[in-house]
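Some notes on the structure that comes next.
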Amino acid sequence: MCCLTESVKVTTDIDSLRSEIRDNSVRVIDVRREGDYKQDHIPNSVNLPLATLLSDDSPERVLKLVNSLGIDDETPVVVYDDTFGALASRVAWTLEWIGHSDVTLLETTYGNWKSLGLETDSLTPEISNKEHSMNLQSNILATSEYLESVKSRDDVILIDNRERLNYLEQHIPGAVSLPYRTLASSDGILRSKEDMKRLFDNRDISGDSEIITYCGSVGTLSGLAYYALKSAGLSNTKLYVRSFKEWKNLEKPTDKQQDANYWDLSAE
Amino acid sequence: MSISKLTPSSVDSAKPKINWARIDEADNFANTVKLYRQGKYDEDSFRRFRLQHGAYGTRMTSDYAMVRVKLPAGEIYPKQFETLSRLSEQYSIGSAHFSTRENIQLHWVILEDVSEIFRSLAEVGLTSREACGNSVRNVMCSPLSGVCSDEKFDSTPYALATAKFFLRNPMAQSLPRKFKFNFTCCEKHGMVRMVDVGLIPEIQQINGSKQKGFKIFLGGGLGNRSFVGHQLEDFTPEEDLLYTSIAVMRIFDRLGDRKNLARNRMRYLVNDMGWEKFQNLVLKERAIVRATQSVVTKLKVDTTPDKITRPLKISDEGGSSVPDGYARWLKSNTIKQKQSDYRSVFITLEAGDITSNQLNSMAALIREFSSEGKARSGFVQNVALRYVHEDDLVKLYSRLLETGLAKSGGLTMTAPVGCSGTTSCNLALTNSHRLAKEIQRKFLELKLDEDDDLADSSIKISGCPNSCAQHGIATIGFFGGGGRLGKDMYPNYQMSLGGRFDADTTLGQTCLRVPAKRVIPVILKIIELFKANKQSDDTLKSWIHRIVNDSEDSDIKSIGDIKKVLEPLVAPPTKEDDPDFYLDYGSDTSYHTKTGKGECAA
């Protein structure tokens, strides 16, 4: 696919995807709502709305869904959405988690694809079931128990991908703030590899550490961060997929920035 | 990458004339932060370095900084707005904040990300270099310079040239303290007597020919102790502008107090020495500067006139009906320009706050409506969109309504200035920022912006005795502190009355302390007193002016008389009777004063 570098390929560019679609050598997953998908989508893509996945994301259910989308262990998969890559990331991560290694994100959103005047289609392709094996990658998943077990380790970095004000108000103790908006460039869902590396390097976020990302509720924003880190060569990364919502429901301890009325500085 | 090539890029009619940025400062800053975090850079040196680059400390934490981006002469272009919009989402709290000195600030930025902001700012020619620290701070210019019907000439090119000359200039890197220049258009739109160097454009007939120059005021300033500036001489010809500036800075550099941080602004030097002595020194020093500077030491004043092109309209969707509130907005937010058919439109923000979406909207609004293709930051945490054609005003107002930028009262007392207060500042004692917003909301609800008697008055609120909100020159000014009843503390403000910043610049006189939760009723009471005692052609400002100058002969003759009427309103209730009284705005926990180390004097 690509040259041999330390960083992993996490996105597929527009031109490559178009030729892979022509060659019929890729499975494209559209994670938008069914209604949006039916209206139009990238030709030959299949629909897996994020909500459908989230209604039951146990490994067995995910495997069934993957099979029904005609994906086996060897099928290259590209995922796209229309929300800056966060929903697509959550789906891509789930595929990785059950053991599918060849999955990437489209470098741009569907909205931008359309505004560039690229081809779209409203036909739903005929898909025959395939058999994917189950090979759970528990090394990319973090649970609340896991977070508690590593809280005293200083070679683990916990990253909060919510907006800055939310972070200041409440966060998991020890987390650092990296708002999801920081990850994108003006025309792609992720910054260039060099830009990303510099940002992490400034923050002293390096490959020497294990990194865990989390966000507000279901691991979408932090899913994007998971891929951002991978793109910069930081592959020792886990997603705390149940994120801050679970943490709060479990009544685990939180921290906040004290003695400042930062909300009143916000214009909304 | 195929996308960027295919994305249409918007073409702007005007582009920045000066690139203020240096990209290498981003790398340098990133590296220095690393050294500092590794303990290889001591606190004090790092702080000086950080401030020199425009990154200010944040309340109760060393993890965050505030990046103060300078807008020299207040000028800001569409692409710059778009970049600031993106940066506010990426590295700040999703909004930015206009200061009273034509800076735009990003708060709660992680120190390690500051260099990324520098990098993006450099792409659009902006810098925060020397926006803090002991340097020449942002050079201001009246938002009406170039369009004001009372001005002798447009001082904008001189403000830009002065900013360019001193930025990164070795002579301005280690002054005893910060140093500020304000250029204006005319006396009325002033602020020139409240700053180290204030300049009003002036034209004199010399040997039969018209000569451009300035009226220069020195040694003014607001702070813990405020002083009104002195006029140096009748007329300073434009060739002497730079020589005068250098002379004044040299004297300040040589004689300014480097030990006593609390009183080392130039105004203290002028006050201690006496004006005449200081004036003499400046004139002598200027003679030396004039005689010794190389002929290449010049201000590069670019007086090429801006292109004025009314943006093309794609379509005019039918007979656009006039939205509600238009007349009210037109009256209280726009000023006719000296150029016929054009107006300057002032967009008022709540205490200077603007969301990332609104920053983007500003870029679009400039492109659609401003015939000069840029905007200007104002003196009161607002933005001026100038050269808007009279025929486009209704449409502009409709667009402002869509983006939440159509608040009326922008040029009246209903748009108070509030510094950042306890929302981010280490020195703040109260949430002055939120109080300013509360007053604006209440007064617009009461439609006080429609009252002509209140239009030329001002309300300014600082969160501590230092004067970031310029409370000393407000008609009604406040600065924060703590009050106490028994063992219970409550947020409190010292109120002053009768300040002004025009040709009759005066500092307000202390009236009384007003608890935060009584500020709104107290102002309303003052308005009521005024209405009961005013003469037919009075404004609140002129009425208070007579009172502070002992020349009022109605029932209310002095500040003391006002105080007597207000006293019952400010008496603190017990905590049991009124727990809310003991909470500051925006806070649900007991009030206590808490401050960190200030960096104004660092």
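Proteins get letters first, then strands, A, B, ... in listed order; numbering begins at 1 in each.
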Would you indicate whether the side-chain heavy atoms of A/Q257 and B/T61 approach each other to under 4.5 Å? yes
Which atoms of A/Y180 come close to chain B, meaning under 4.5 Å heavy atom to heavy atom: side chain ones, backbone ones, both, or neither? neither
Around atom CG of A/D204, are there more than 12 heavy atoms of other residues, nucleotides or ligands at under 6.0 Å? no
Under 4.5 Å heavy-atom distance to chain A, tell me which part of B/S115 shows up: side chain, backbone, both or neither. side chain
Chain A contact via B/Y64 - which portion, at a heavy-atom distance below 4.5 Å: side chain
Can you tell me if B/K34 has over 12 outside heavy atoms packed within less than 6.0 Å of its NZ? yes
With a 4.5 Å heavy-atom cut-off (strictly below), which parts of residues 104-112 of chain B touch chain A? List them by number. B/H107, B/W108, B/V109, B/I110, B/E112
Of the non-hydrogen atoms in A/S266 and B/S95, which two are nearest, and what is the gap between them? CA-OG, 3.5 Å
Looking at B/L87, B/T423, B/V33, which has the largest count of heavy-atom pairs under 4.5 Å with chain A? B/T423
More than 12 foreign heavy atoms under 6.0 Å from NZ of A/K256: is that the case here? yes
Neighbours of chain B found in residues 150-166 of chain A - heavy atoms under 4.5 Å: A/R164, A/L165
Do other residues, nucleotides or ligands put more than 12 heavy atoms under 6.0 Å from the NZ atom of A/K245? no
Show the nearest heavy-atom pair for residues A/L265 and B/S420, with the distance to one decimal. CD1-CB, 4.3 Å
If you define the side chain from C-beta out and look only at heavy atoms, does anything of A/D195 sit under 4.5 Å from B/E116? no
Side chain, backbone, both or neither of B/I93 within contact of chain A (heavy atoms, under 4.5 Å): both
Answer yes or no: is there a side-chain heavy-atom contact under 4.5 Å between A/D259 and B/T422? no
Taking salt bridge (Lys or Arg N to Asp or Glu O under 4.0 Å) as the definition, give me every residue that meets it alongside B/R441, ordered by chain and number, with sequence neighbours left out. B/E350
Pair count under 4.5 Å, heavy atoms only, with chain A: among B/R119, B/H97, B/H592, highest is B/R119
Should we say atom CD of B/E402 is surrounded by more than 12 heavy atoms from elsewhere, each under 6.0 Å from it? yes
Residues 168-178 of chain A vs chain B, non-hydrogen distance cutoff under 4.5 Å, contacting residues -> A/L168, A/S177
Could you check B/D113 against A/R203 for side chain to side chain contact (heavy atoms under 4.5 Å, CB included), going step by step and ending with a plain yes or no? CA-CA 8 Å; B/D113 289 347; A/R203 292 284 202 94; 2.8 Å; yes
In terms of heavy-atom proximity below 4.5 Å to chain B, should A/D201 be classed as side chain, backbone, both, or neither? both
Closest non-hydrogen atom pair between B/S587 and A/N261, with its separation: CB-ND2, 3.9 Å
